[in-house]
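No experiment lies behind these values; they were computed from the predicted model shown. Hydrogens, waters and symmetry mates are skipped; everything else that's a heavy atom, side chains included, is used. Just so you know, residue 1 is the first one in the sequence shown, and it goes up from there.
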Amino acid sequence: MVVFPTVVPPLCTWLVAACMSTPCKSDPVAKSSSSSLFQSPKWLARRKSTVTHCGGGVGNVGVVMSSFCGSGIQTLMSSFEPCEEYYSSPSLSSSLASSIFWPKTLPMTRRQRRTSRLVHSGKTVAVAVQHAKETTTKKKPPIKNRRVVVTGMGVVTPVGHDADVFYNNLLDGVSGISEIEAFDCAQFPTRIAGEIKSFSAEGWVAPKLSKRADKFMLYLLTAGKKALADAGVTKDVMDKLDKAKCGILIGSALGGMKVFNDAIEALQVSYKKMNPFCVPFATTNMGSAILAMDLGWMGPNYSISTACATSNFCILNAANHIVRGETDLMLCGGSDAAIIPIGLGGFVACRALSQRNNDPSRASCPWDSSRDGFVMGEGAGVLLLEELEHAKERGANIYAEFLGGSFTCDAYHLTEPHPDGTGIVQCIEKALAQSGVAREDVNYVNAHATSTPSSDLKEYEAIIRCFGQNPVLRINSTKSMIGHLLGAAGAVEAVATIKAIQTGWIHPNINLINPEKGMDMNVLVGPKMERLDINVALSNSFGFGGHNSSILFAPYRDG
C-alpha cells in the first residue's frame, strides 16, 4: 500500500485521476461504453500531453494522490482501480511514475523504489487514497437581539451618595468643590478639589476591610452594592440568580494610590512595617474582584484602565458581554480616590489644574473664557446593566436602555486632543453607526468638558460637526459642579445622563458666564436647569493618551 504525501495543483491531480480511469481491454464496462468521454481519441491525446506537462511542472514540489482530502475529487479518485494494461503502457506508466509520482529532484525512499520496480514490471500496485473525513459543521444558533437596559445606579460623589440626592443637587446647581481638608496642601499652587468630606462604608463594607482598603475600593464596593439595592436585587432575588451569568467590570484610572504611597513610606523604615495587602489593594482590578467574592458572582470579572475614559470603556464592554449572551447582569463603572499629596502634586506638575483657590465653586467652568484648568474630584459610579427579558421577568424597574457606543484613539499626544478633533468625531460617528442611531435623533450630550482651554474647544467643535444641524440639541457638563472624577467620571456622568432621561430635566452649566468666542448659547445649557424630553442621549469621556469613548442611552420603549 503506497501513499504519496505531497501536494499538487488541483488540475494535475484531477487529470491523474482521469488517467487512472483509462479503461482496460479486459474491462467489460469499458467495452460496453464505447461512447464514453474517456475513450475519445481527441480528449485522450489532449490528456496525455497535459499530464506530461503537469508532471514536469510540479517536479520541484512533489505530488500526492491524496492531495484533495476533503474535496469531491478525492471521492472520484478513490472509485477507480488501475488495471494491468495501464501500468504496462510505455507512454503513460513511465511518464507518470517518473515525472509525477517520483520527482527527479527528490531522492526516492526504499518503499518508493520498490513501488517503482513493481510499476515497471507490469504488476498491479494498489494506491491508497485517504478518504476525506466527513466533517459536519455545526451551525451556531442565530444570536437573539439581546437588548441591554439599566435597572440600578449607585454613586459616591462630592454632592451626594445617593443617585436621587446627587441629581437633585445637580439640578439645583450645587457645587461640591471646596478647599481640600484631608491633608495640608499649603505648599501647592492648587488647594481645591471636589473632595468627599463625609463618607462611611458602614453597612456596605466589612469593618476589617474598611480599615485596610484604599478609598477607591471602598467607594467602588459601596456604589456597587447601592446599585444592586436600587435595582431591587434583594437576598431572595440574589439566591435565584445564575451566578455564572453575573459579572463585574468596574475600573479605575489610578487604583489604590494611598495604599501604595503608604507602603513606600513604611518601606523607608522597614519592609516589616508595610501593609501586607499593599500590592493587591493597589491594583485596579481588586475592587471588582472583592465585590465578586462578596456577592458570589462568577461571570466575567476584570477592570479596564484608560485614564479618564475608564468608565465608558467598562460600561460598553459590560454591555457587550450581555449582548453576546455571556451574562444576564453586569455591574460596571469606575472609581477613583486620588486627592492625596502625590495625586495633587502629579497633576500640578502636569500644569493641568485650576489655581482659582479663592473662589472654589467657580473654579470648574467648562467653555467659559476664564477657565484655567480642571479641578480634581473623587468618587465612584456604578450601573447595573441587565438583559431586557431577564429584567422584565423579575419585574425590575427600567431606567433607560443602553444603545451602544464606541472607542477611538487620537494617536497624537500624551495629554492634548488632536487639533482637528478627528478622533472625537470618528468616535461619535462610530458610536452612532454601531447603535443604529441617526444623527438627528440625538438631542442631548453630556460632554466630557473638563474646563481646560484646548479640550473643551475641540470637543465642542466635534459635537457641532456631528450634530450641528439639530435645532434642539443641548449640551452640558457635570464637571462644572463636581470636578473631574478621573476614572469614575464617565460612570457618574452616565448616572446624570440616565437621570435626565428619567426626570425630563437636564442640569445647568453653573459657571458658564462668559462663553468662549464661537460658543453658541442656543446649544449650551445656561446657569439654570432646563426641561428636555430626551430622545437619545450621548455621553463622552476622553483620557490622557488620546483615548476617546462615546456611549448612548435612550428612554426604554417596549417593542
Side-chain angles (χ1 to χ4, degrees), residues 306-313 315-316 352 364-369 371 373-374 403-480 484 489-490 493-494 496-497 500 506 509 512 515-525 534-553:
T306 49
C308 305
T310 290
S311 287
N312 277 12
F313 275 69
I315 292 168
L316 180 51
S364 184
C365 49
W367 301 300
D368 192 84
S369 58
R371 66 193 186 280
F374 77 83
L403 300 182
S406 182
F407 318 128
T408 61
C409 179
D410 281 348
Y412 171 73
H413 191 270
L414 285 175
T415 60
E416 293 295 320
H418 194 285
D420 296 333
T422 306
I424 300 173
V425 172
Q426 288 179 347
C427 188
I428 293 173
E429 289 180 341
K430 284 177 64 178
L432 295 174
Q434 189 271 341
S435 308
V437 173
R439 294 171 187 269
E440 56 270 19
D441 290 339
V442 177
N443 63 339
Y444 171 55
V445 177
N446 188 299
H448 181 64
T450 60
S451 190
T452 53
S454 59
S455 63
D456 285 10
L457 182 60
K458 296 308 174 187
E459 182 184 12
Y460 173 84
E461 291 172 347
I463 293 170
I464 295 302
R465 280 171 63 183
C466 292
F467 307 112
Q469 302 303 313
N470 189 341
V472 294
L473 178 68
R474 307 301 285 153
I475 307 171
N476 65 6
S477 172
T478 306
K479 294 181 180 70
S480 65
H484 192 353
E493 289 158 16
T497 302
I506 55 176
N509 292 306
L512 186 53
E516 178 78 25
K517 185 179 179 181
M519 302 292 179
D520 185 356
M521 286 305 295
N522 291 320
V523 173
L524 295 172
V525 181
I534 296 173
N535 188 22
V536 177
L538 175 81
S539 181
N540 285 333
S541 282
F542 314 128
F544 281 1
H547 304 291
N548 305 309
S549 61
S550 298
I551 55 178
L552 292 151
F553 298 94

Interatomic distance, CZ@R465 vs OG1@T422, rounded to 0.5 Å, equals 6.0 Å
A352 and T452 have their tightest heavy-atom pair at O-CG2, 4.2 Å
Would you say K479 and F374 make side-chain contact, with heavy atoms under 4.5 Å?
-> no
Nearest 0.5 Å please: distance from the CG atom of L432 over to the SG atom of C427.
-> 9.5 Å
Hey, are the side chains of K517 and S369 touching, using non-hydrogen atoms and a 4.5 Å cut-off?
-> no
Closest heavy-atom pair and its distance - A462, I424 | CB-CG2, 3.5 Å
How far does CZ of R474 sit from CG of L524, to the nearest 0.5 angstrom?
-> 7.5 Å
Do S550 and S406 come within less than 4.5 Å of each other through their side chains, counting heavy atoms only?
-> no
Nearest heavy-atom contact between N470 and N443 is ND2-CA, 4.0 Å
Value rounded to 0.5 Å, distance of CD in E461 from CE in M519 | 7.0 Å
Do F553 and I534 have side chains that get closer than 4.5 Å, going by heavy atoms?
-> no
Given N476, N535, T497, the one that forms side-chain hydrogen bond (donor to acceptor under 3.5 Å, both in side chains) with Y444 = N476
Contact check, side chains of V536 and L538, non-hydrogen atoms, under 4.5 Å = no
For S435 and G405, the nearest pair of non-hydrogen atoms, with its separation, is OG-N, 3.7 Å
Inter-residue atom distance E493.CD - H484.NE2, 0.5 Å rounding | 8.0 Å
Going by the angle between their ring planes, with limits at 30° and 60°, are F407 and F313 parallel, tilted or perpendicular?
-> parallel
Quick check: does any side chain N or O of H448 sit under 3.5 Å from a backbone N or O of F542, one acting as donor and the other as acceptor?
-> yes
Spell out, as yes or no, whether a donor-acceptor pair under 3.5 Å connects the side chain of S549 to the backbone of S541.
-> yes
Would you call E516 and R371 a salt bridge, taking side-chain N to carboxylate O under 4.0 Å as the test?
-> yes
Is there a donor in the side chain of T478 and an acceptor in the side chain of N446, or the other way round, less than 3.5 Å apart?
-> yes
What do the steps show when you test I428 against V442 for side chain to side chain contact (heavy atoms under 4.5 Å, CB included), and what is the final call?
-> CA-CA 11 Å; I428 293 173; V442 177; over 6 Å; no
Measure the shortest side-chain to side-chain distance between T450 and E459 over non-hydrogen atoms and say whether it is less than 4.5 angstrom.
-> no
State, without any angle test, whether Y460 and D520 hold a side-chain donor-acceptor pair at a distance under 3.5 Å.
-> no
T408 and N548: side-chain donor and acceptor closer than 3.5 Å?
-> yes
Which distance, rounded to the nearest 0.5 Å, do you find between the CG of N540 and the OG of S477?
-> 10.5 Å
Return the minimal non-hydrogen interatomic distance between R439 and C466, and the atom names on each side.
-> NH1-O, 3.1 Å
